[in-house]
Amino acid sequence: MASITTNSIKYFQKGLLTWFEINGRDFPWRKGKKTVYQLIIAEILLQRTKAETAAKYYPIFLKTYPNWKKLGYAKERELQEILKPLGLQVQRANRLFKLSREMKDRKGRFPTTRNEIEQLPIFGQYIANAYELLIQNKKSPLLDVNMSRLLERYFGKRNMSDIRYDPYLQELSYQVVNIDNPKSINWAILDYAQLVCKSRKPVCHNCSINTGCSYYKNNV
DNA sequence: AATACGGGGAA
DNA sequence: TTCCCAGTATT
C-alpha cells in the first residue's frame, strides 16, 4: 500500500495535472460562463449517469428549461419524460420537482451555509461538494465513484462500503484537491479515472503515475 | 448497512 | 447479455 505523505500526494497531483493539460475532456458544463442553474442541472443529470450521455441531453434540457423560472412551470410528469433517456427518471424527476418548488419559494436564491445546502431536495453530499467547488470556489472534492476508484487503487482501499461515510476516503479526497486550482485537479481526477484508471480494464502500462500506485505494484 | 431506482452505451 | 455510470433517499 502506498504511504500517504505530503510528497506522495504532491507527486500524484503533479502527474494528473500534467496529463490533464493535454488529455482533459471537454464538456459543455466546463466551458464558458455558466449560471448557477446551469451548473446545478449538469450535476443532477450526471448522477449515476455516464458523462457522455449527460452531455448529449444537457442542451436539450436547458433549451426546454433554461432557468429556475421556466423549470418552476414544469409538471413532474414532464420532468420524468425529459429525464427518461438518462434513467432514474421517476426518482430524479420527483426530487428535481421538489427542488423547483423550493427554489420558487426562495425566489431563485440558494442558501449559503453547507448545512442548509445539504437540506435542499436532490442535494446530497456529492452535489453539495460540487456546489462548493464550482460556485463558491472552495477546495471541495467531487468524490464520486470515479475519484474513489482512483484514490483507492493508488493509495489503498477504503474501510466502509459507502463512500460518503468512509473517513479515510473523505479525508484523503480533501487532501488531494487542496491546491490553488481545485477545479483542475478535480476534473483531472475524474477524467483520468474514466480514460486511464478505468473500472474494468485500467490501462496501467499507459499510466504516468503507476510507479507510485499500490494497485500497479501489487497486480501488474 | 442494504436496497431501489433505470436507460444508454460499451465490452 | 452483462456491466457500469460525476448519487440520493428510504428502510
Side-chain angles (χ1 to χ4, degrees), chain A residues 16 20 23-31 34 36 38-61 76-77 79-102 114-135 138-153 158-170 173-174 176-177 182-203:
Chain A
L16 288 180
F20 183 64
N23 304 289
R25 294 180 295 176
D26 202 15
F27 291 117
W29 48 85
R30 284 187 184 179
K31 56 186 173 191
K34 293 285 176 266
V36 174
Q38 290 171 327
L39 291 171
I40 298 304
I41 292 300
E43 296 304 329
I44 291 170
L45 299 192
L46 283 163
Q47 291 180 341
R48 294 293 293 171
T49 307
K50 286 193 172 67
E52 284 75 10
T53 307
K56 182 175 173 186
Y57 295 99
Y58 187 56
I60 301 171
F61 190 98
E76 187 174 347
R77 173 69 58 81
L79 295 179
Q80 269 186 39
E81 214 43 47
I82 200 167
L83 289 171
K84 184 155 183 155
L86 297 165
L88 301 174
Q89 60 271 35
V90 175
Q91 284 192 357
R92 225 183 323 204
N94 178 262
R95 290 162 191 170
L96 180 55
F97 182 72
K98 284 183 181 150
L99 180 65
S100 76
R101 286 308 157 98
E102 177 73 23
R114 168 75 188 209
N115 209 300
E116 291 173 306
I117 289 168
E118 220 167 334
Q119 305 301 321
L120 292 170
I122 216 171
F123 270 65
Q125 186 187 79
Y126 171 83
I127 293 197
N129 283 4
Y131 187 88
E132 289 182 335
L133 176 76
L134 302 173
I135 291 146
K138 293 186 180 175
K139 295 169 180 174
S140 301
L142 298 175
L143 183 55
D144 69 335
V145 61
N146 289 299
M147 185 181 290
S148 301
R149 180 178 62 250
L150 178 49
L151 293 181
E152 289 185 81
R153 287 215 179 113
R158 77 182 98 161
N159 307 113
M160 319 269 285
S161 61
D162 193 321
I163 294 167
R164 293 168 297 175
Y165 305 120
D166 185 90
Y168 160 77
L169 266 186
Q170 289 294 325
S173 63
Y174 273 95
V176 162
V177 303
K183 283 186 207 175
S184 293
I185 189 67
N186 267 290
W187 289 340
I189 290 170
L190 297 190
D191 290 358
Y192 202 78
Q194 219 272 343
L195 299 172
V196 181
C197 197
K198 302 186 288 183
S199 60
R200 243 181 285 195
K201 280 173 53 190
V203 195

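Lettering follows sequence order; numbering is per chain, from 1.
Defined by atom type and a distance below 3.5 Å, a donor-acceptor pair is present between the side-chain atoms of A:Arg92 and A:Thr49. Between the side chains of A:Gln91 and A:Gln47, no donor N or O sits under 3.5 Å from an acceptor N or O.
Shown here are the ring-ring contact (aromatic ring centres under 6.0 Å, His included) partners of A:Phe20, two or more places apart in sequence or in another chain: there are none. By the ring-ring contact (aromatic ring centres under 6.0 Å, His included) test, A:Trp29 pairs with A:Phe27, A:Tyr58, sequence neighbours left out. Applying the ring-ring contact (aromatic ring centres under 6.0 Å, His included) rule to A:Tyr126 yields no partners; only residues at least two apart in sequence or on another chain are considered. Judged as a side chain to side chain donor-acceptor pair (under 3.5 Å), and not counting sequence neighbours, the contacts of A:Gln119 are A:Asn115.
Ion pair A:Glu76/A:Arg101 not flagged as a salt bridge, since none of the NZ, NE, NH1 or NH2 atoms sits closer than 4.0 Å to an Asp/Glu carboxylate oxygen.
Between A:Tyr126 and A:Ile122, the residue whose closest nucleotide on DNA chain C is further toward the 5' end is A:Tyr126. Heavy-atom nearest nucleotides on DNA chain C were determined for A:Asn146 and for A:Lys98, and the one closer to the 5' end corresponds to A:Asn146. When each of A:Lys198 and A:Ser161 is assigned the nucleotide of DNA chain B with its nearest heavy atom, A:Ser161 is the one assigned upstream, toward the 5' end.
If you take atom P in C:dT11 and the same atom in B:dG6, they sit 16 Å apart, rounded to whole Å. If you take atom P in B:dA11 and the same atom in C:dA6, they sit 14 Å apart, rounded to whole Å.
At a threshold of 4.0 angstrom between heavy atoms, the contacts of A:Met160 are confined to the sugar-phosphate backbone, with no base atom among them. Across all strands shown, A:Gln125 has heavy atoms under 4.0 Å from sugar-phosphate atoms exclusively, and none from any base. Counting non-hydrogen atoms under 4.0 angstrom, A:Ile127 reaches the backbone sugars and phosphates but no base. Nucleic acid contact for A:Arg149: sugar-phosphate only, since backbone atoms but no base atoms lie under 4.0 Å from a heavy atom of the residue.
A distance of 9.5 Å separates CG in A:Asn146 from SG in A:Cys197, rounded to the nearest 0.5 Å.
A donor-acceptor pair is defined here as one N or O able to donate and one able to accept, closer than 3.5 Å; such a pair exists between the side chain of A:Ser100 and the backbone of A:Phe97.
The outermost nucleotides of DNA chain C lying under 4.0 Å from heavy atoms of chain A, listed 5' to 3', are C:dC3 to C:dA9.
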- Per-nucleotide protein contact string for nucleotides 3-9 of chain B (B base, S sugar-phosphate only, - none; heavy atom under 4.0 Å): -BBBSBB
